[in-house]
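Take a look at the structure set out below.
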Protein chains: 2
Amino acid sequence: MKKKTASRKDIKRTPRPAEVTIDTVAEAAGVSTATVSRFFNAPQRLTQRTTLRVQTAVNDLGYVPNLLAGGLSSARTQLIAAVIPTITNSIFSSTIQEISDSLAERGYNVVLALTGPNDEHAERQLLSIIGRRPDGIILSGAVVPNNARAKLIASAIPTIETWDLPSDPIDMVVGFSHEAVGRAVGMHATKTGRRKVLVVSAAGVRAVARRHGFAKVLLEQGFPEPSVTSFAASTTYGNGRSAVAAHLDAGGRPELVVCSSDWAAHGALDELRHRGIRVPRDIAVIGFGDSDFASELNPSLTSVKIDGKAIGQQSAAFLMKRAQGQKIKERIVDVGFELIIRGSG
Amino acid sequence: MKKKTASRKDIKRTPRPAEVTIDTVAEAAGVSTATVSRFFNAPQRLTQRTTLRVQTAVNDLGYVPNLLAGGLSSARTQLIAAVIPTITNSIFSSTIQEISDSLAERGYNVVLALTGPNDEHAERQLLSIIGRRPDGIILSGAVVPNNARAKLIASAIPTIETWDLPSDPIDMVVGFSHEAVGRAVGMHATKTGRRKVLVVSAAGVRAVARRHGFAKVLLEQGFPEPSVTSFAASTTYGNGRSAVAAHLDAGGRPELVVCSSDWAAHGALDELRHRGIRVPRDIAVIGFGDSDFASELNPSLTSVKIDGKAIGQQSAAFLMKRAQGQKIKERIVDVGFELIIRGSG
DNA sequence: GGCGGCAGTGCAAGCGCTTACAGTGGGTGC
DNA sequence: GCACCCACTGTAAGCGCTTGCACTGCCGCC
């Protein structure tokens, strides 16, 4: 539908509150906007004299470049999205911290997408994240719904799945096999001959994968199926305590308690001590995560160490390579894990 | 400098990889871009028929609106910045989580600015955050350098200082008085008559404020000055253990150990038990933060409860009010705290 | 039958940057 | 002395949205 329209040149609209823009600075410095832009993005291209003039104008005006405009124009947002279930007690925080630390000086920021303890908000969060056109997306512990997965792929945003080794990766992967962790713990358990096991586990897919790997080894070695107490979200100190208490009260007499987090293991340890049960003589305890306190407990806690910081470093390196337009041949990195055997068993 | 330039109409530039834009959708749906925009931002303004056509086009094309462009155009980014020292073991995570949770369904995302355990990166991070033009900035535990403070004010971005009650606020405040917390703990200590105190404390300004409030009350009541063991960053389980161990080994015989975190208190508790010292009979222990495990320890831990979630809720409410253009009269909210006295003293 | 009102939609001017290309001027080689 | 280069700097066309106004057509009312 065509219609004749008056010229807009002379139409007054309510203007939005003026902002100090690159034009303001350019005028003040007596240069073009391109030069001001270069001052921030390619300073080595300017003469010292020009640099000084722009610097002065920037300081005088207190100019802070609008990264939205810059990002829109350059198609580089300097934004990395971190997709995790929750930020509270997150085992992934070391990874995020490392990514932020190693990329901050290049001007990157991390934007969070919290998908909820059970991925309730995964789809909504991912859509909104894709809308922000980050230069990279780090997925940790969140399950990506199919619809979002398709959009993620279509978006062509570099994506890294971490803390796992998915069988059908979206793009890049930096992680380890939870199944293998479970098997390693299982091997250790069978080696020490502890037949009756209580597993205190979260219900998430990774915790379940570890549990399966663990149980598999036990069964293969002719050990009985372990008892399982499962919790909806990630396991806490309180979960560990109450799970052990309930199990014992119900007449369970385990020789080993395997927990899906060090917190839970810590709670288990305290509950056992509280009941006068010796660790590891009567019952051994194994955690997961090798938290900072694991080595300081009494007895010190046997646990599985994951190098979350290394995952962050590798992920950051991947993203920087992509940012420089390099192709990455080996897109899957297994950072492995380490079973650290300490006093608790 | 004017110069004659050829018309650019016919100049070919290397085009950037095409993106599905609002124009693509508009064409596919047979409507204008304005209508597509309204489909996302004011759906109630469209007829059902139009809505359907746009919806179909959006689905077919897998269109995800570019929020950078939208933000630039509307001057609303739907981005909230959270400025905190570190994401690992952060006491502020409950606040951030709550802000994200309560604002996510309105399309907001949280972008992080990690200033470092001792605010090393505060200035750089704040500048980059201001550049992203968030709709709000939540400051928690970070000390804002003067230069950044000036730019923050000039930016006119709604800013909320949390977890403290600054004497000269930047804008809005949702917090409590650390000095008052210290005094409350001090009152409790003097009431129980424990004269010799060891304080295990972080070196940050808020922990120091609590320590001062605490010491002040002790001195006022004629108690001796407490001993202090100080740690650079936030205090850990290991810090608590080693501080207590070192103090006792050096011949200290405190009647009360006050820690600047529940982690440290937990470590202190374990160290005392390890040495066969009874809590609270011989030595009492007090923490800070009322972590989830505080009530589950043996003995349960006396601690100071801060409602971090409430801080998040109030902050989110403030931001939404501002977003709707409302003026806020009472810009300072004291959420208070609660000394929870449990078994440890 | 004419008219005002109104709901729905379109037009097109920005939002504040980046960057491909185009000038400009001084230095260099012959 | 002149042609070339090269290092800097400027010009201006977008980047993909939002939104103030304008326009259209339909309804209800007198």
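The model shown is predicted, which means the values in this text are computed figures rather than measured ones. Hydrogens, waters and symmetry mates are skipped; everything else that's a heavy atom, side chains included, is used.
Between the CG atom of B:L72 and the P atom of C:dA13 there is a distance of 17 Å, rounded to whole Å. Protein atom CG of A:L61 is 15 Å distant from nucleotide atom P of C:dG16, rounded to whole Å. Rounded to whole Å, the distance from CD on B:Q78 to P on D:dT18 is 10 Å. What separates CZ of B:R133 from P of D:dC17 is a distance of 21 Å, to the nearest Å. Taking atom CG of residue A:L67 and atom C1' of nucleotide C:dC15, one finds them 15 Å apart after rounding to whole Å. Rounded to a whole Å, the CD1 atom of B:I22 is 13 Å from the C1' atom of C:dG10. Nucleotide C:dT18 holds its C1' atom 13 Å from the CG atom of A:D23, rounded to whole Å. As a whole-Å value, the separation of B:E19 CD from D:dG16 C1' is 7 Å.
If you find the closest nucleotide of DNA chain C to B:Q44 and to A:P65, the one lying nearer the 5' end belongs to B:Q44.
Ranking C:dG8, D:dT11, D:dT9 by closeness to the A:T50 side chain, first place goes to D:dT9. Listed candidates were D:dT18, D:dG10, C:dG16. Nearest to the side chain of A:V31 is D:dG10. Comparing C:dT9, C:dA12, C:dG16 by their nearest atom to the side chain of B:T47 picks out C:dT9. In the set C:dT18, C:dT9, D:dT9, the nucleotide with an atom closest to the side chain of B:L46 is C:dT9. Distances were taken from every side-chain heavy atom of B:T21 (C-beta onward) to each of D:dG10, D:dG16, C:dT18; the shortest belongs to D:dG16.
Contact annotation: the side chain of B:Y108 never approaches that of B:L79 to less than 4.5 Å [non-hydrogen atoms, C-beta and beyond].
The residue A:F39 sits apart from the nucleic acid: no heavy atom pair falls under 4.0 Å. Within 4.0 Å of A:F40, counting heavy atoms only, lies no atom of the nucleic acid at all.
At C:dT19, one or more side-chain N or O atoms of A:R76 fall inside 4.0 Å of OP1 or OP2 (strictly under the cut-off). Between C:dG10 and B:T35, a contact under 4.0 Å exists linking OP1 or OP2 to a side-chain N or O. In this model, the phosphate group of D:dT19 is not approached by any side-chain N or O of B:S37 to a distance below 4.0 Å at OP1 or OP2. OP1 or OP2 of C:dT18 sits under 4.0 Å from a side-chain N or O of A:N41. Taking only side-chain nitrogens and oxygens, B:S74 never comes nearer than 4.0 Å to OP1 or OP2 of D:dT18.
Paired runs in DNA chain D that reach 3 or more consecutive Watson-Crick or G-U pairs, where each pair keeps both distances under 3.5 Å, cover C:1-30 with D:1-30.
Summarising the local packing, CD of A:E27 is surrounded by 12 or fewer heavy atoms from other residues, nucleotides or ligands at distances under 6.0 Å. Around CG of A:N146, the count of heavy atoms belonging to other residues, nucleotides or ligands within 6.0 Å does not exceed 12. Sparse packing is recorded around CD of A:Q48, with 12 or fewer heavy atoms of other residues, nucleotides or ligands lying under 6.0 Å away.
A side-chain donor from one of A:N109 and B:S128 sits under 3.5 Å from a side-chain acceptor of the other. Side-chain atoms of A:D135 and A:Q78 form no donor-acceptor pair, as typed in the model, at a separation below 3.5 Å.
Take B:A317 and apply the side-chain contact (heavy atoms from CB on, under 4.5 Å) test, not counting sequence neighbours, and it matches B:Q314.
Within 3.5 Å, a donor on the side chain of B:S73 pairs with an acceptor on the base of C:dG14, or the reverse. In terms of polar N and O atoms assigned as donor or acceptor, the side chain of B:R38 comes within less than 3.5 Å of the base of C:dG10 in a complementary pairing.
A side chain to side chain contact (heavy atoms under 4.5 Å, CB included) with B:W163 is found for exactly one of B:V173, B:I84, B:I311, B:V174, namely B:I311.
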